[in-house]
Amino acid sequence: MASAEDHAIQGQLHRIRSLFKDSAYSKHPEHWDTLWKESSTPWDRGGPSQALDEVLSLHRELFPNAPSSAHDRGKSKPKALVPGCGRGHDVLLLSAHGYDVYGLDSSPTSIEEAKKNEKRVAEEDAEGKWKEVYAPRRDLGVTTKGRVMWVTGDFFEDDWVNDSGYGKVETGFDIIFDYTFFCALPPEARPQWAKRLSDLLNPDGGRLVCLEWPLEKDPMTGGPPWGVSGDLYLAHLGHPGQLLPHNDKGQVVDGSADTTPGVLKRLIRTQPACTHKAGCDNQGNVVDRVSVWSHQ
């Protein structure tokens with residue numbers, strides 16, 4: 001039997017679908033801000049991704065630019081980006097892993113909520129509540145947190161990069177984390193999503209981490225969130241900026257990577273031991289997958 005919480009979430013999802021139905025993509029940022037103002041945010045998980053923490057901790061060999069004790073001795077910290085950061089739970093987690101992190105969202109209300117959340121976490125952290133979650137990861141050689149920068153802007157434009165104080169995108173970000181961002185974009189925006197990620201990711205050791213969700217949703221049922229698949233990530237990140245043919249089931253017809261500039265290759269795709277409740281089936285089995293990508 002569905003709980004009251006589940007019923008509330010279904011009601012919020014219905015509100016989202018009705019708001020975005022037949023809406024031009026140019027109106028989407030306005031709609032997301034409206035939902036934040038209404039506190040209709042079923043995508044907010046209330047805490048950081050255990051799956052992200054797991055891959056950063058257990059697969060450290062995949063992250064050559066990962067923070068270390070050397071970055072605590074004056075060396076510039078590696079930079080991370082979380083597009084569509086919401087309340088910033090994963091921004092704060094990446095900071096605990098030693099990255100200087102940029103939490104980006106098109107919604108001004110979302111960024112205000114993220115700042116409130118950061119303050120709340122700091123207050124509760126002083127009481128020891130978040131010690132095991134947001135403390136510097138000393139077991140990984142990180143003794144100081146990275147700084148956090150909250151930025152309102154359009155992921156597909158450069159204005160937010162310049163306004164953030166990071167400067168022009170020259171070397172790119174050392175890690176980008178995508179969760180509930182790809183699935184929030186309509187299918188027509190996916191080619192540019194892949195191209196933009198390729199442009200923003202540091203070609204020298206940068207890593208894109210995708211927490212793939214919702215994998216069990218039929219892509220033909222619409223969104224947001226739109227149903228995704230491992231093949232969908234593979235196809236678009238293997239063809240950045242290219243329009244790809246789909247069949248009548250909403251699946252990419254040709255998902256094989258080509259040799260055009262900017263192609264991202266998948267280094268690993270794994271099932272995390274733990275993830276958010278939304279990433280599990282009715283029996284509590286993990287459905288989510290985590291994939292890590294780099295430039296070829």
Side-chain angles (χ1 to χ4, degrees), residues 4-5 8-9 11-13 15-16 19-20 28-53 56 77 79-137 142 144-155 157 159-166 173 175-181 183-184 209 211 213 224-225 275-279:
E5 179 185 1
I9 290 175
Q12 291 175 330
L13 289 173
R15 165 63 174 150
I16 292 172
L19 189 63
F20 283 84
H28 284 203
E30 178 183 325
H31 294 333
W32 289 119
D33 197 53
T34 295
L35 291 166
W36 275 104
K37 289 177 179 177
E38 294 176 355
S39 297
S40 183
T41 57
W43 59 85
D44 181 70
R45 308 304 188 209
S49 168
Q50 292 175 284
L52 173 61
D53 186 53
L56 292 175
K77 290 181 180 292
K79 294 180 173 62
L81 170 67
V82 181
C85 69
R87 284 194 172 86
H89 307 296
D90 297 314
V91 171
L92 300 180
L93 177 65
L94 284 164
S95 170
H97 275 266
Y99 291 91
D100 283 343
V101 197
Y102 296 77
L104 171 68
D105 208 291
S106 64
S107 164
T109 308
S110 165
I111 292 301
E112 288 305 311
E113 288 295 315
K115 292 177 180 177
K116 292 177 184 176
N117 185 51
E118 181 183 23
K119 181 179 179 181
R120 177 183 63 82
V121 166
E123 293 172 348
E124 294 178 348
D125 193 33
E127 300 173 359
K129 180 176 179 180
W130 296 103
K131 183 178 180 181
E132 302 300 324
V133 179
Y134 293 129
R137 293 304 302 271
V142 177
T144 60
K145 294 182 181 182
R147 69 188 182 110
V148 169
M149 178 80 71
W150 304 111
V151 187
T152 304
D154 183 345
F155 171 73
E157 301 294 336
D159 291 352
W160 65 267
V161 183
N162 301 326
D163 293 344
S164 71
Y166 176 48
F173 289 94
I175 187 170
I176 301 175
F177 180 53
D178 184 298
Y179 176 54
T180 69
F181 185 66
C183 69
V209 179
L211 179 52
W213 178 87
T275 192
H276 297 296
K277 179 183 177 181

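In this text the structure is predicted, and so the values were computed from the model without any measurement.
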* Structure fact -> CD (Gln12) and CD1 (Ile16) are apart, to the nearest 0.5 Å, by 7.0 Å
* Asked: Is Ser95 reaching over with its side chain to a backbone N or O of Gly146, donor-acceptor style, under 3.5 angstrom?
  -> yes
* Going through the checks in order, is the side-chain contact (heavy atoms from CB on, under 4.5 Å) test met by Leu35 and Phe20? -> CA-CA 11 Å; Leu35 291 166; Phe20 283 84; 3.8 Å; yes
* Test item: Trp160 side-chain N/O and Asp154 main-chain N/O as donor-acceptor pair under 3.5 Å -> yes
* Asked: For Ile111 and Gly103, which heavy atoms make the closest approach, and how far apart are they?
  -> CD1-O, 3.9 Å
* To do: Take Val121 and His89, measure what side-chain contact (heavy atoms from CB on, under 4.5 Å) needs, and give me the verdict at the end.
  => CA-CA 9 Å; Val121 166; His89 307 296; over 6 Å; no
* Do the side chain of Asp100 and the main chain of Lys79 share a donor and acceptor less than 3.5 angstrom apart? -> no
* **Closest approach of Ala96 to Ala135 (non-hydrogen atoms, all atoms of both residues)** => CB-O, 3.4 Å
* Distance (rounded to the nearest 0.5 Å) between Ser110 OG and Trp36 CH2 -> 4.5 Å
* If you measure from CG on Leu94 to SG on Cys85, what distance do you get to the nearest 0.5 Å? -> 11.0 Å
* **Option from Leu81, Leu104, Val148 for which side chain to side chain contact (heavy atoms under 4.5 Å, CB included) with Val91 holds** => Val148
* Return the set of residues passing ring-ring contact (aromatic ring centres under 6.0 Å, His included) with Trp213 (not counting sequence neighbours), or none when no residue passes. => none
* Asked: Is it true that a side-chain atom of Arg45 and a backbone atom of Pro42 form a donor plus acceptor pair closer than 3.5 Å?
  -> yes
* Structure fact -> Heavy atoms of Val133 and Leu93 approach each other most closely as O-CD1, 3.8 Å
* Asked: Are the charged groups of Glu112 and Lys115 less than 4.0 angstrom apart, N to O?
  -> yes
* Asked: So which heavy atom on Gly88 is nearest to which on Ala114, and how close?
  -> N-CB, 4.3 Å
* Centroid separation Tyr179 to Trp43 less than 6.0 Å -> no
* Asked: Does the pair Leu92 and Glu118 meet the rule for a side-chain contact (heavy atoms from CB on, under 4.5 Å), with working shown?
  -> CA-CA 7 Å; Leu92 300 180; Glu118 181 183 23; 4.0 Å; yes
* Of all the heavy-atom pairs spanning Pro48 and Tyr134, show the shortest one and how long it is. => CD-OH, 3.1 Å
* Indicate yes or no: does Glu113 engage Lys116 in a salt bridge with an N to O separation below 4.0 Å. => yes
* Asked: Which heavy atom in Pro83 sits nearest to a heavy atom in Phe177, and how many Å separate them?
  -> CD-O, 3.3 Å
* Structure fact -> Residues at least two apart in sequence or cross-chain that pass salt bridge (Lys or Arg N to Asp or Glu O under 4.0 Å) with Asp44, listed by chain then number, are Arg87
* To do: Among Thr275, Asp178, Leu52, find the residue that satisfies the side chain to side chain contact (heavy atoms under 4.5 Å, CB included) test when tested with Leu211.
  => Thr275
* Asked: Any sub-3.5 Å donor-acceptor pair from Lys77's side-chain atoms to Arg147's backbone N or O?
  -> no
* Structure fact -> In this structure, CG of Asp33 is separated from CD of Glu38 (nearest 0.5 Å) by 10.5 Å
* Structure fact -> Value for CD (Glu123) from CZ (Arg120), rounded to nearest 0.5 Å, stands at 9.5 Å
* Side-chain donor or acceptor of Asp90 paired with backbone N/O of Ser49 under 3.5 Å -> yes
